[in-house]
Amino acid sequence: MKKLIYWLFPLLWMGVIYYASDQPYEEQDIKPFLSQHIDLSFLTAILQPISFSYHHSVVSVEQLGVEGFVEFLG
């Protein structure tokens with residue numbers, strides 16, 4: 001039983017990766033899910049000072065919003 005519980009999380013994670021790899025890029029947007037189900041407003045103050053350049057564009061909470069910034073990091 002202990003071995004089953006030990007392997008449960010990695011197997012579930014592999015299932016998530018397999019499911020996500022089958023989706024086209026346009027359908028992999030998690031921003032609607034984040035904004036509807038999770039309140040990320042508490043992260044605004046924490047992530048606001050973070051800003052960096054990635055592929056000739058600025059990545060920040062101001063540019064992407066909290067959900068977009070979290071999606072970029074994920």
Side-chain angles (χ1 to χ4, degrees):
M1 181 67 177
K2 197 171 188 179
K3 285 184 180 181
L4 177 65
I5 293 172
Y6 179 77
W7 283 100
L8 186 61
F9 181 73
L11 290 173
L12 287 173
W13 189 247
M14 285 188 280
V16 168
I17 291 171
Y18 178 78
Y19 174 75
S21 68
D22 187 41
Q23 291 181 328
Y25 178 74
E26 293 80 20
E27 294 179 15
Q28 292 182 14
D29 185 17
I30 62 168
K31 288 182 283 189
F33 174 81
L34 290 175
S35 63
Q36 291 175 358
H37 299 293
I38 302 172
D39 180 23
L40 297 176
S41 61
F42 70 95
L43 289 175
T44 304
I46 298 167
L47 300 176
Q48 191 72 36
I50 301 172
S51 176
F52 56 93
S53 178
Y54 179 78
H55 202 277
H56 308 292
S57 64
V58 176
V59 177
S60 67
V61 172
E62 184 178 313
Q63 294 291 324
L64 303 174
V66 176
E67 291 85 5
F69 194 80
V70 169
E71 180 184 43
F72 179 83
L73 295 177

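The analysis underlying the following values was restricted to heavy atoms, covering all of them including side chains, and did not include hydrogens, waters or symmetry mates.
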**OP:** Identify whether W7 and V16 are in the same connected component of the hydrophobic contact network (ILVMFWY, side-chain heavy atoms under 4.5 Å).
**Re:** no

**OP:** Take the angle between the ring planes of H37 and F33 and call it parallel below 30°, perpendicular above 60°, tilted in between.
**Re:** tilted

**OP:** Using the rule that two of Ile, Leu, Val, Met, Phe, Trp, Tyr join whenever any of their side-chain heavy atoms come within less than 4.5 Å, decide whether L73 and V66 are in one cluster.
**Re:** yes

Original post:
If you look at every heavy atom in I46 and P49, which pair is closest and at what distance?
Top reply: O-CD, 3.4 Å

Original post:
With hydrophobic residues grouped by side-chain heavy-atom distances under 4.5 Å, do F42 and I50 end up in a single group?
Top reply: yes

**OP:** Would you name the heavy atoms of L64 and F69 that are closest together and state the gap between them?
**Re:** CB-N, 3.8 Å

Original post:
Shared ILVMFWY cluster between F9 and I17, side chains joined below 4.5 angstrom?
Top reply: no

Subject >> same_hphob_cluster(L11, L4) at 4.5 Å side-chain heavy-atom cutoff >> reply: no

Original post:
More than 12 non-hydrogen atoms from neighbouring residues, nucleotides or ligands closer than 6.0 Å to CD on E62, yes or no?
Top reply: no

Original post:
What heavy-atom pair brings S51 and V58 nearest, and what distance separates the two atoms?
Top reply: OG-CG1, 3.5 Å

Original post:
Which heavy-atom pair separates E67 from L40 by the least distance, and what is that distance?
Top reply: CG-CD1, 4.1 Å

Original post:
Do the ring planes of F72 and F52 sit parallel (below 30°), tilted (30 to 60°) or perpendicular (above 60°)?
Top reply: tilted

Original post:
Are any non-hydrogen side-chain atoms of L8 and Y6 less than 4.5 angstrom apart?
Top reply: no

